[in-house]
**Q** 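Quick one: the structure is below, questions incoming.
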Amino acid sequence: MLTHERREQILGLLNKNGTVSVTELAIMFETSESTIRRDLAALSDLGKLNKVYGGATALSEEFGKTEDRMEAKTLKNVDEKMKIAQYAVSLINDDDSVFIDAGSTTYLMTTIIDNCRASFVTNGIAHAKELAARGCRVFVLGGELKESTGAIKGLMASENLQSYNFSKAFIGANGVSVKQGFTTPDPDEAMLKAAAIKRSFVSYVLCDRTKFNKVFAVSFGKLDAAAIVTDRCEDEMILENALVKEVN
């Protein structure tokens, strides 16, 4: 196979799947991984794809590698996040058993909740403090503390979560895309988010518009696993494949 033919097929696979890996391409085209890396580098130089560690992603998606500290998150897109939080709070009823995930938008929820007849479970330290200060009944999961975000995570937290059933869960996400679904950079946090969604009658992923078409290392659910609450979504594929509530 000629080089340009192989590269055209690589782009075709990217358009179809959103991501490709060096290993799978080497097997598919029966060539070396070094050859595939050169192909991806050349296509990246031409602006045809995003080259990432171990493979590539389509231009419509950005591969995220790092996560901001909680202090930085709370300063970004504040107006949009507050509108999302206000709508999310409006969904909480007196008799609800609610899981609130650690995150900046979910934290804003805890600052405006005035319905403390519901019961709350959270893995966010700041979230729990705010809920308790507002007179709410709140339970905190046990597990490993992630210093940068104030989130409780890991296997112990996921096992602790199995004791609860929720009527509603409000989950944060770092990235949302059609092919990879809801993603986050931390495997332990992904485990907890997925467990919370499974334990909840209905789940909502809260994300502002900047999270769309971003992909992080670990998926914790497909788009049909939860409804999306956002300020605005302009991606037609996401709108076609997910239940999206725009609050703007």
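Just so you know, these numbers come straight off a predicted model, no measurement behind them. Numbers for residues simply follow the sequence, beginning at 1.
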**Q** Which heavy atom of A102 sits nearest to which heavy atom of G124, and what is that distance?
**A**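 Closest approach of A102 to G124: CB-CA, 3.9 Å.
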**Q** Applying side-chain contact (heavy atoms from CB on, under 4.5 Å), run through F99 and L141 and close with a yes or a no.
**A** CA-CA 10 Å; F99 177 77; L141 298 179; 4.0 Å; yes
**Q** Could you tell me whether the side chain of T19 and the main chain of G55 form a donor-acceptor pair under 3.5 Å?
**A**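 Answer holds: no.
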**Q** Report yes or no: does K211 contribute a side-chain atom to a donor-acceptor pair with the main-chain N or O of A173 at less than 3.5 Å?
**A**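 Present.
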**Q** Under 4.5 Å between side-chain heavy atoms, hopping through other hydrophobics if needed: is there a path connecting L243 to V205?
**A**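 L243 and V205: separate clusters.
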**Q** Quick one: SG on C233 to CZ on R209, what's the gap to the nearest 0.5 Å?
**A**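 Going from the SG atom of C233 to the CZ atom of R209 covers 10.5 Å.
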**Q** For V98, what are the other residues in its hydrophobic cluster, where any two members join if their side-chain heavy atoms are less than 4.5 angstrom apart?
**A**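 M82, I84, Y87, V89, L91, I92, I100, L108, M109, I112, I113, F120, L131, V138, F170, F201, V202, Y204, L206, V229, V247, which link up through side-chain heavy atoms under 4.5 Å apart, make up the rest of the cluster.
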**Q** What's the spacing between K153 NZ and E144 CD if we round to 0.5 Å?
**A**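 The CD atom of E144 is 4.5 Å from NZ of K153, to the nearest 0.5 Å.
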**Q** Take D186 and V218 through the side-chain contact (heavy atoms from CB on, under 4.5 Å) test and state the conclusion after the steps.
**A** CA-CA 7 Å; D186 191 317; V218 191; over 6 Å; no
**Q** Less than 3.5 Å apart, any donor N or O on the side chain of T210 or D208 sitting next to an acceptor on the other?
**A**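 Yes, because at least one side-chain N or O of T210 sits under 3.5 Å from a partner of the opposite role on D208.
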**Q** Without swapping roles, check the side chain of R134 against the backbone of D114 for a donor-acceptor pair under 3.5 Å.
**A**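 It does not hold such a pair.
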**Q** Could you measure the distance from the CZ atom of F182 to the OG atom of S203? Nearest 0.5 Å is fine.
**A**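 It is 9.5 Å, given to the nearest 0.5 Å.
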**Q** With distance as the sole criterion, is a donor-acceptor pair present between the side chains of T23 and S21 under 3.5 Å?
**A**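 Looking only at side-chain atoms, S21 and T23 do not form any donor-acceptor pair under 3.5 Å.
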**Q** Mind checking whether H127 and T106 have side chains closer than 4.5 Å, heavy atoms only?
**A**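 Yes, side chains in contact.
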**Q** Determine the minimum heavy-atom distance between N174 and F216, stating which atoms define it.
**A**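 Smallest interatomic distance, heavy atoms only, reads O-CE1, 3.3 Å.
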**Q** Which residue pairs pass the salt bridge (charged side-chain N to carboxylate O under 4.0 Å, His left out) test with at least one member in residues 192-201, sequence neighbours excluded?
**A**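 Passing the test, one end in residues 192-201: D101-K193.
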**Q** Is there a side-chain contact between H4 and R7, using heavy atoms and a 4.5 Å cut-off?
**A**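 SC-SC contact between H4 and R7 ruled out.
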**Q** Consider only side-chain heavy atoms of I, L, V, M, F, W and Y, link residues closer than 4.5 Å, and tell whether F139 and M156 are in one cluster.
**A**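 No; M156 is not reachable from F139 via cluster members.
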**Q** Provide the closest heavy-atom pair for L40 versus L49 in the form atom of the first, atom of the second, distance.
**A**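 The answer is O-CD1, 3.6 Å.
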**Q** Using the salt bridge (charged side-chain N to carboxylate O under 4.0 Å, His left out) rule, collect all pairs that involve residues 17-35, keeping only residues at least two apart or in two chains.
**A**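 Checked against salt bridge (charged side-chain N to carboxylate O under 4.0 Å, His left out) - neighbours excluded - the pairs reaching residues 17-35 are E33-R37.
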**Q** Measure the spacing between OG1 of T230 and CG of D235 and express it to the nearest 0.5 Å.
**A**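 Between T230 OG1 and D235 CG, I get 11.5 Å after rounding to 0.5 Å.
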**Q** Nearest 0.5 Å please: distance from the CG atom of N123 over to the CD atom of E189.
**A**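 If we round to the nearest 0.5 Å, N123:CG and E189:CD are 7.0 Å apart.
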**Q** For D39 and T31, run side-chain contact (heavy atoms from CB on, under 4.5 Å): C-alpha distance rounded to whole Å, both residues' side-chain angles, the deciding distance at 0.1 Å, then the answer.
**A** CA-CA 11 Å; D39 288 340; T31 188; 5.8 Å; no
**Q** Look at the side-chain heavy atoms of Ile, Leu, Val, Met, Phe, Trp and Tyr, link any pair under 4.5 Å apart, and say whether V22 and I27 land in one connected group.
**A**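 No: no chain of side-chain contacts under 4.5 Å links V22 to I27.
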**Q** OG1/T105 to NZ/K83 distance, rounded to the nearest 0.5 angstrom?
**A**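 Reported to 0.5 Å precision, the distance equals 13.5 Å.
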**Q** Ignoring hydrogens and geometry, is there a side-chain-to-backbone donor-acceptor pair from S200 to I197 under 3.5 Å?
**A**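 No; zero donor-acceptor contacts below 3.5 Å.
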**Q** Shared ILVMFWY cluster between M191 and L161, side chains joined below 4.5 angstrom?
**A**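 Per the 4.5 Å side-chain linkage, M191 and L161 are not co-clustered.
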**Q** Mind checking whether F220 and L155 sit in one hydrophobic cluster, side chains of I, L, V, M, F, W, Y counted as touching below 4.5 Å?
**A**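 In one cluster with F220: L155, no.
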**Q** Which atom names give the shortest non-hydrogen contact between C207 and V176, and what distance separates them?
**A**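 In this case the closest contact between C207 and V176 is SG-CG2, 3.9 Å.
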**Q** What's the shortest heavy-atom distance between V215 and S177, and which atoms?
**A**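 In this case the closest contact between V215 and S177 is CG2-OG, 3.6 Å.
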**Q** Would you check, one step at a time, whether the test side-chain contact (heavy atoms from CB on, under 4.5 Å) holds for K146 with D188?
**A** CA-CA 10 Å; K146 184 175 181 178; D188 289 335; over 6 Å; no
**Q** Ignoring hydrogens, what is the shortest heavy-atom contact between S219 and T183? Give both atom names and the distance.
**A**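 Looking at all heavy atoms of both residues, the shortest contact is OG-CG2, 3.5 Å.
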**Q** Would you say that R38 contacts S34 through its side chain, given a criterion of any heavy-atom pair below 4.5 Å between the two side chains?
**A**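 In contact.
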**Q** For S167, is there any backbone N or O sitting under 3.5 Å from a side-chain donor or acceptor partner on D96?
**A**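 No; zero donor-acceptor contacts below 3.5 Å.
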